[in-house]
Amino acid sequence: MPKIDVNEELFFRTIGRRCNADDLKALLVTAKAELDDWPAGEGVLRIELNDTNRPDLWSTLGLARQLSIYLTGKVPAYPFFSRAGAAQKAADRRVVVDKGLREIRPFIGSFVAEGREVTDALLREIIQSQEKLCGNFGRKRKTIAMGVSRADLISWPVSYSAADPDKTKFVPLDYEKPLSMRQILSEHPKGKEYGHIVAGFPRFPLLSDGKGEVLTFPPVINSAMIGGVKPGDTRLFVDLTGPDLDTILTACAITACDFSDMGFRILPVAVEYPFDTPYGRTIVTPYYFQKDTVLEVAEASRRLGEDLTAEQAAASIRKMGSGARVDGKRVVVTPPEYRNDFLHPVDAVEEIMIGRGMDSFTPVMPRDFTVGRISEAEEYARRVRETMIGLGYQEMIYGYLGSRRDLVERMGTDGSDAVEIANPMTESFNMVRNSILPNLLQSEAASAHATYPHRIFEVGKTAVKDSSDNSGTRTDNTLGFLLADREAGFNEVDGHALALFYYLSLEPRLSPLDDPRFLPGRAASISVGGRRVGVIGEIHPRVLEAWGIEMPCAAVELNLDAMRERG
């Protein structure tokens with residue numbers, strides 16, 4: 001979980017009161033945060049945030065804003081946001097996006113912050129906020145990279161282009177000589193750390209002004225001149241770039257609100273795209289795009305265990321900083337500009353719980369008494385695990401969410417059975433996995449240095465679309481195992497599969513299978529008792545190349561629920 005160093009003076013000044021340690025600990029619960037340390041005399045609070053869905057809290061100003069709203073009920077206004085059909089005036093402040101970035105890093109949000117002098121303490125706060133936002137929420141700059149430049153030195157319009165990495169040179173931050181963009185990847189410390197994000201593309205993202213002067217090379221490093229912000233500067237240009245538009249707009253909103261709370265005046269910037277986006281070809285940022293969430297008060301009462309009126313529910317939600325309008329027996333929740341974490345009405349229920357105070361609910365003892373036991377599915381899964389370990393395979397454990405690129409595109413499938421998330425926080429977790437094989441291949445791609453052969457497996461859950469189920473989806477207990485070796489092939493992995501079926505007292509039948517993940521003629525469907533239970537085959541070279549794997553691989557994937565029913 002993220003940990004931040006909070007400037008003690010700025011924090012308490014923003015909240016409007018000082019607290020002792022005990023009072024602060026109680027107050028931090030409303031932001032799902034904990035006081036980690038408060039060293040005497042250092043002027044710093046070390047706080048751990050326990051909610052990865054609230055990146056707006058990962059800064060001194062963001063956390064103080066939430067606590068101040070809770071204590072006072074006063075919600076700050078941010079009039080500089082554009083909305084659908086109501087764009088703010090951007091004057092000559094424009095960013096023009098190159099069409100060549102569409103498949104590289106296409107989206108950008110930006111604004112100008114002016115009217116306050118940057119001090120040493122303020123610069124440290126800006127840098128920490130930048131690193132926490134881009135490092136945690138932005139997955140180490142893969143999905144969000146933030147640059148801060150000296151706006152007084154910029155000639156408009158700014159160009160966001162796909163640059164030739166060998167011909168484009170500039171002096172990077174903390175350097176005195178110009179380097180090409182490709183040289184930066186191998187010579188500059190930030191290039192070594194973050195260069196892999198863009199290294200595979202033929203062209204690299206670059207922000208430059210109307211005179212061709214470089215601002216920044218996202219997501220790697222700023223230039224030494226325009227990008228070298230120093231104490232004493234009073235006018236800043238902030239840019240946030242990445243592959244997902246909603247994520248960038250959210251990060252831009254959080255950053256703009258933080259700068260506004262610091263005392264800066266926020267000036268919008270018009271971003272002009274050469275292709276369609278969900279919000280048009282020109283977006284004046286910061287931009288408010290969040291949708292209302294409708295909550296049935298009866299559902300909130302059921303989940304919280306106490307009867308609530310619509311007004312009571314709305315009042316608790318407003319105490320957390322969101323707008324809440326009563327509509328009969330429903331409450332319409334309007335998220336503030338800096339939040340995009342309302343994914344379901346249950347999120348509004350949580351707001352009610354925290355806003356009202358968790359200690360205000362009457363404790364209720366459980367009414368039912370049950371004896372826990374291992375389910376049949378888990379007993380069967382344990383038998384499978386023990387057998388696979390006995391066959392020389394190493395067990396792996398993976399998460400159930402992934403990206404479309406990994407789960408579909410790299411596997412060469414159409415993804416027609418995959419369950420996608422409608423409003424993901426990041427494109428890296430926008431799909432529920434429909435197969436374990438991409439996870440196994442991801443591990444293999446990172447294991448080329450290990451001694452061969454590699455034998456890995458996982459027993460876990462997968463989800464696919466299923467119109468016969470009320471939810472439209474089906475979750476299966478699944479086994480996937482992979483063999484990687486110079487001589488790895490169908491026959492060897494088939495022998496391991498047959499051994500597994502033998503110990504499970506099942507008789508499998510194989511039939512030819514045409515599957516883009518496997519080599520033609522070297523793949524088969526596995527059936528037991530006339531029902532298909534899995535697939536087996538040699539991984540197609542095209543798939544191996546997509547993962548960067550040079551060693552031949554063969555794999556098996558089995559539906560354990562279907563096998564257990566036939567056992």
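These numbers were taken from a predicted model, which means no experiment stands behind them.
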For the residue pair [X] and [Y], establish whether any side-chain heavy-atom pair is separated by less than 4.5 Å.
X: Q442; Y: M396; result: no
X: F289; Y: R83; result: no
X: F217; Y: S223; result: no
X: I266; Y: F259; result: yes
X: V112; Y: R235; result: yes
X: F201; Y: E103; result: no
X: P278; Y: L245; result: yes
X: D51; Y: L57; result: no

Show which side-chain atoms of residues 131-138 pair as donor or acceptor with protein atoms under 3.5 Å away, not counting sequence neighbours.
unit_1: E131; atom_1: OE2; unit_2: R141; atom_2: NH2; d: 3.4
unit_1: K132; atom_1: NZ; unit_2: K3; atom_2: O; d: 2.5

Please confirm whether the backbone N or O of [Y] pairs with a side-chain atom of [X], one donor and one acceptor, at under 3.5 Å?
X: S68; Y: A64; answer: no
X: H188; Y: L173; answer: yes
X: D209; Y: E213; answer: yes
X: D327; Y: R330; answer: no
X: E193; Y: K190; answer: no
X: E114; Y: A151; answer: no
X: R182; Y: P165; answer: no
X: S322; Y: R318; answer: no
X: D98; Y: A162; answer: yes
X: R17; Y: F12; answer: no

Can you measure from [atom1] ([X]) to [atom2] ([Y]) and round to the nearest 0.5 angstrom?
X: I421; Y: M431; atom1: CD1; atom2: CE; value: 9.0 Å
X: S360; Y: E306; atom1: OG; atom2: CD; value: 6.5 Å
X: T282; Y: E272; atom1: OG1; atom2: CD; value: 5.0 Å
X: I352; Y: D347; atom1: CD1; atom2: CG; value: 11.5 Å
X: K25; Y: C19; atom1: NZ; atom2: SG; value: 13.0 Å
X: L267; Y: L236; atom1: CG; atom2: CG; value: 11.0 Å

Would you please say whether a donor-acceptor pair under 3.5 Å links the side chains of [X] and [Y]?
X: E34; Y: N50; answer: yes
X: R54; Y: Q66; answer: yes
X: T334; Y: D292; answer: yes
X: Q128; Y: W58; answer: no
X: T60; Y: N7; answer: no

Kindly give the heavy-atom pair with the smallest separation between [X] and [Y], and that separation in Å.
X: K211; Y: S155; result: CE-OG, 3.3 Å
X: L49; Y: A31; result: CD1-O, 4.4 Å
X: D258; Y: G62; result: OD1-N, 3.6 Å
X: L185; Y: G195; result: CD2-CA, 3.5 Å
X: S59; Y: S129; result: CB-OG, 3.3 Å
X: P218; Y: T241; result: CB-OG1, 3.3 Å

Thinking salt bridges, do [X] and [Y] make one under a 4.0 Å N-O criterion?
X: E8; Y: R18; answer: yes
X: K230; Y: D233; answer: no
X: R404; Y: E420; answer: yes

- Message: Using the rule given for side-chain contact (heavy atoms from CB on, under 4.5 Å), can you reason through L24 versus F11, listing the C-alpha separation, both sets of side-chain angles and the distance that settles it, and then say yes or no?
- Response: CA-CA 11 Å; L24 181 58; F11 179 71; 3.9 Å; yes

If you count heavy atoms of other groups shown closer than 6.0 angstrom to [atom1] of [X], is the number above 12?
X: E395; atom1: CD; value: yes
X: R46; atom1: CZ; value: yes
X: R281; atom1: CZ; value: yes

- Message: Looking at Y400, I'd like to know if the NZ or CZ of R433 sits under 6.0 Å from its six-membered ring centre while staying within 45 degrees of the ring's axis.
- Response: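 No, cation not above the ring by the 6.0 Å, 45° rule.
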
- Query: What pairs with R124 under side-chain hydrogen bond (donor to acceptor under 3.5 Å, both in side chains), at least two apart in sequence or on another chain?
  - Reply: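 Listed in chain order: nothing, the list is empty.
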
- Message: For a side chain to side chain donor-acceptor pair (under 3.5 Å) check, start with the C-alpha distance between D307 and S301, then their side-chain angles and the critical distance, and finish with the verdict.
- Response: CA-CA 5 Å; D307 291 334; S301 298; 4.8 Å; no

- Dump the intermediate steps for side-chain contact (heavy atoms from CB on, under 4.5 Å) on L240 and I108, then the final yes or no. CA-CA 5 Å; L240 298 106; I108 179 170; over 6 Å; no

- With side chain to side chain donor-acceptor pair (under 3.5 Å) as the test, would you mind laying out the steps for Y160 and S110 before giving the verdict? CA-CA 11 Å; Y160 182 39; S110 60; over 6 Å; no

- Query: Mind checking whether F81 and Y287 have ring centres under 6.0 Å apart?
  - Reply: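 Aromatic pair excluded; centres sit 6.0 Å or further apart.
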
- Message: Are F107 and Y273 an aromatic pair, judged by ring center distance below 6.0 Å?
- Response: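 Yes: the rings meet the under 6.0 Å criterion.
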
- Message: Apply side-chain contact (heavy atoms from CB on, under 4.5 Å) to residues I184 and Y175 and explain how you reach the verdict.
- Response: CA-CA 10 Å; I184 288 173; Y175 262 54; over 6 Å; no

- Message: Go through it in stages, so that I can follow the logic: the residues are L67 and L28, the test is side-chain contact (heavy atoms from CB on, under 4.5 Å), and I'd like the CA-CA distance, side-chain angles, deciding distance and then a yes or no.
- Response: CA-CA 7 Å; L67 301 183; L28 286 172; 3.9 Å; yes

- Item | Partners passing ring pair (Phe, Tyr, Trp, His ring centres under 6.0 Å) against Y78 (at least two apart in sequence or in another chain) |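 By the ring pair (Phe, Tyr, Trp, His ring centres under 6.0 Å) rule, Y78 matches F80.
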
- Pair D341-R339, salt bridge (charged side-chain N to carboxylate O under 4.0 Å, His left out): steps then yes or no: CA-CA 6 Å; D341 58 307; R339 290 184 63 177; 2.9 Å; yes

